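Quick caveat, the model's predicted, so the values are computed rather than measured. All residue numbers in this chain count up from 1 along the given sequence.
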Amino acid sequence: MALKGIDIFKMSPKKNCKECGVPTCMAFSMKVAAGALPIEKCPYMGEDVIAKLSEATAPPMKTIKAGDLSMGGETVLFRHEKTFVSKTLYAVNVSDDMENADQVLADLQKVDYERIGEREYVEFINVTRVNGGDAFVELAKKAAGLGRQVILNVECPACAEAALEAIKDAKPILNGATVENAEKMNELAAKYGVVLGVKAADLDTLYDLTAKIEGMGNKNLILNVSTASIKEAFADAVQIRRAALKNTDRTFGYPAIVDVAALAPGDQAMQTALASLFTMKYGSIVIMETMTYAQALPLYGLRQNLFTDPQKPMKVEPGIYPLNGADENAPCAITVDFALTYFVVSGEMERSGVPVNLLISDAGGYSVLTAWAAGKLSSSSIAKFVKETVEPKVKSRTLILPGKVAVLKGEVQDKLPDWNVVIGPREAVELVQYLKEFNN
């Protein structure tokens with residue numbers, strides 16, 4: 001049972017030193033109990049107390065690390081309850097019996113782009129052992145050489161050890177502990193310090209096997225959901241997450257791997273649909289046969305929308321965004337840093353084909369009207385942004401304001417007397433015609 005704030009406070013140093021960033025020890029204890037702060041933030045908490053409290057205050061789902069990537073650590077079943085913590089990660093499968101394995105490795109690297117300040121790419125390569133031997137080891141080495149995290153999908157302990165030895169510095173996930181080989185695979189995971197993937201024929205067996213491996217002292221695990229059918233895979237993913245978060249059953253408090261490549265072999269459209277399903281409920285790693293831009297753009301967009309704090313709007317970086325080959329002489333159009341506004345406005349501007357410098361000002365991530373009502377988008381903020389950021393880099397002195405804040409025109413013009421301030425359309429869809437006529 002999770003400790004209450006008062007229970008933690010009783011074991012605190014009661015110094016009220018504020019070094020943890022919180023005014024009092026009581027307030028700190030309440031935040032720890034709510035999961036908002038780790039107990040280690042208190043510099044005066046004894047090691048014995050930290051050890052006692054860490055387990056009691058830890059999230060019901062463990063955070064598992066694979067290189068720089070984090071999985072698990074979730075505290076809620078639904079995003080609106082609080083926020084999701086660790087985003088779903090995507091993998092592409094290659095096996096040692098594939099004639100086109102090199103091409104698959106080359107193709108997965110093509111999907112690599114930035115969206116709202118976040119790099120979007122295939123995080124994992126799932127290397128599957130079919131034939132074994134040198135071919136499996138060589139394929140693992142090629143995958144590790146691409147700078148992506150590797151999953152060794154192998155149930156043969158000897159093959160697993162050979163591959164682990166070859167790429168031990170990459171710290172791959174060893175995905176292959178079964179009822180038959182659990183002891184040996186657990187020894188390998190401990191020897192090489194890697195995450196161990198647990199597999200079983202059904203959910204009850206998976207639970208018992210996970211408990212058995214935990215009894216061996218290993219809690220650095222990831223669980224495989226069923227690949228018998230889509231229905232069973234979905235049921236497993238949901239039941240594992242519910243058992244951990246609703247029933248606080250720490251035996252199932254681990255991230256999950258979902259192999260949609262095995263659920264819908266050869267069907268890219270179905271795999272993409274399943275990947276979106278298990279991004280929402282509740283895959284920590286989703287394995288696919290391919291990842292093209294046609295698959296990636298909707299998947300990564302969905303993921304980025306899900307795995308953000310619902311209390312914090314998605315923002316783009318303030319600055320100057322030249323569109324359609326715009327240079328320092330192209331006119332400027334200003335809007336806010338709310339991500340949706342940026343993508344809608346920039347898309348319509350690009351569609352017009354007219355060179356324009358899109359200015360993104362810091363408006364707290366609000367939409368145009370909300371930012372104006374909150375005082376985040378004002379004549380003063382616009383003038384300051386233009387003088388400090390735009391004027392040193394742009395020679396043009398034409399500034400287009402969003403039509404919804406036309407009321408600011410006079411004040412902006414007074415504060416920027418050297419600029420020709422004009423009013424743009426109220427709706428983004430009108431930008432194409434507006435810019436074409438403006439350019440003429």
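A 4.5 Å side-chain heavy-atom check between Asn220 and Val194 finds every atom pair outside the cut-off. Contact of the Met349 side chain with the Val344 side chain is not registered, since no non-hydrogen atoms from C-beta on lie closer than 4.5 Å. With contacts defined as side-chain heavy-atom distances shorter than 4.5 Å, the pair Val22/Leu37 qualifies. You'll find the side chain of Val150 stays beyond 4.5 Å of the side chain of Ile173, heavy atoms only. In this structure the side chain of Asn224 never reaches within 4.5 angstrom of the side chain of Asp259, judged on heavy atoms. For the pair Val345/Phe338, no side-chain contact is recorded, criterion being any heavy-atom separation below 4.5 Å from C-beta on. Residues Ile360 and Thr335 have side chains in contact (heavy-atom distance under 4.5 Å, counting atoms from C-beta outward). Put simply, the side chain of Leu206 reaches to within 4.5 Å of the side chain of Leu223, judged on heavy atoms.
Side-chain contact, Thr370 with Ser367: a donor N or O sits under 3.5 Å from an acceptor N or O. Remark: the Tyr207 side chain and the Asp249 side chain contain an N/O donor-acceptor pair separated by less than 3.5 Å. Residues Thr178 and Glu155 have side chains that never bring a donor and an acceptor to within less than 3.5 angstrom of each other. Side-chain atoms of Thr128 and Asn93 form a donor-acceptor pair, as typed in the model, at a separation below 3.5 Å. For the 3.5 Å distance criterion, the side chains of Arg79 and Thr308 qualify, holding a donor opposite an acceptor.
Smallest separation of non-hydrogen atoms from Ser86 and Gly72: OG-O, 2.8 Å. The minimum heavy-atom distance between Asn186 and Ile213, with the atom names listed, is OD1-CG2, 3.6 Å. The two residues Ala211 and Thr251 have their closest heavy-atom pair at N-CG2, 3.9 Å. Among all heavy-atom pairs drawn from Ala91 and Ile151, the shortest one is CB-CD1, 4.4 Å. The two residues Ile167 and Leu152 have their closest heavy-atom pair at CD1-CD2, 4.1 Å. The minimum heavy-atom distance linking Val225 with Ile240 is given by the pair CG1-CD1, 4.3 Å.
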Q) When you look at Gln295 and Thr290, which way does the side chain to side chain contact (heavy atoms under 4.5 Å, CB included) test go after all the steps? A) CA-CA 9 Å; Gln295 294 170 299; Thr290 62; 3.0 Å; yes
(Q) Would Ile382 and Leu377 count as a side chain to side chain contact (heavy atoms under 4.5 Å, CB included) here? Give the steps. (A) CA-CA 7 Å; Ile382 292 172; Leu377 182 67; 3.8 Å; yes
(Q) Quick one, Phe124 with Tyr90, criterion ring-ring contact (aromatic ring centres under 6.0 Å, His included). Give me CA distance, side-chain angles, the key distance, then yes/no. (A) CA-CA 6 Å; Phe124 281 95; Tyr90 299 118; over 10 Å; no
(Q) Val179 vs Lys212, test: side chain to side chain contact (heavy atoms under 4.5 Å, CB included). Steps then yes/no. (A) CA-CA 10 Å; Val179 172; Lys212 178 181 178 181; 5.9 Å; no
Q. Would Asp202 and Thr205 count as a side chain to side chain donor-acceptor pair (under 3.5 Å) if you check the C-alpha gap in whole Å, the side-chain angles of each, and the deciding distance to 0.1 Å?
A. CA-CA 5 Å; Asp202 56 68; Thr205 307; 2.8 Å; yes
Q: Take Asp107 and Gln103 through the side chain to side chain donor-acceptor pair (under 3.5 Å) test and state the conclusion after the steps.
A: CA-CA 6 Å; Asp107 288 344; Gln103 186 61 50; 2.7 Å; yes
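Ring geometry, Tyr113 versus Tyr293: the interplanar angle falls from 30° to 60°, so the pair is classed tilted.
For the pair Arg148 (side chain) and Glu123 (backbone), a donor-acceptor distance under 3.5 Å is absent. With hydrogens and angles ignored, the 3.5 Å screen pairs a side-chain donor or acceptor of Glu289 with a backbone N or O of Gly266. Checking side-chain atoms of Ser226 against main-chain N and O of Glu232 turns up no donor-acceptor pair under 3.5 Å. Side-chain N or O atoms of Gln239 include none that pairs as donor or acceptor with a backbone N or O of Asp236 at under 3.5 Å. With Asn175 contributing its side chain and Leu196 its backbone, the two residues share no donor-acceptor pair below 3.5 Å. At distances below 3.5 Å, at least one donor-acceptor pair connects side-chain atoms of Lys171 with backbone N or O atoms of Tyr192. With hydrogens and angles ignored, the 3.5 Å screen pairs a side-chain donor or acceptor of Glu74 with a backbone N or O of Val85. Looking only at distances, no side-chain donor or acceptor of Glu114 sits under 3.5 Å from a matching main-chain atom of Arg119. Panel note: side chain Asn357, backbone Ile320; no donor-acceptor pair is recorded below 3.5 Å. Remark: side-chain polar atoms of Arg241 are not paired, donor with acceptor, to backbone N or O of Phe252 under 3.5 angstrom.
For the pair Glu214 and Arg250, the salt-bridge criterion is not met [side-chain N within less than 4.0 Å of a carboxylate O]. Salt bridge annotation for Glu19-Lys41: absent, with no cationic side-chain nitrogen under 4.0 angstrom from a carboxylate oxygen. Electrostatic pairing of Arg129 and Asp96 does not count as a salt bridge here, judged by no charged N lying under 4.0 Å from a carboxylate O. Arg115 has no carboxylate O lying under 4.0 Å from a charged side-chain N of Glu118, or vice versa, which leaves the two without a salt bridge. Ion pairing between a basic and an acidic side chain is recognised when a charged N comes within 4.0 Å of a carboxylate O; Glu180 and Lys199 show no such pairing.
With rounding to the nearest 0.5 angstrom, the CE atom of Met314 is 12.5 Å from the OG1 atom of Thr341. Atoms OG1 and OH, from Thr279 and Tyr300 in turn, are 9.5 Å apart once rounded to the nearest 0.5 Å. Separating the OG atom in Ser276 from the NZ atom in Lys281 is a distance of 13.0 Å, to the nearest 0.5 Å. To the nearest 0.5 Å, the span separating NZ on Lys62 from CD1 on Ile64 amounts to 5.5 Å. The CZ atom of Phe278 sits 12.0 Å away from the CD atom of Gln271 when rounded to the nearest 0.5 Å. Summarising the geometry, atom CG belonging to Leu359 is positioned 10.0 Å from atom CG belonging to Leu401; distances are rounded to the nearest 0.5 Å.
The environment of Gln433 atom CD is sparse: at most 12 non-hydrogen atoms of other residues, nucleotides or ligands sit within 6.0 angstrom.
Ring centers of Phe84 and Phe307: under 6.0 Å apart, within the cut-off. With ring centers used as reference points, Tyr342 lies under 6.0 Å from Tyr321.
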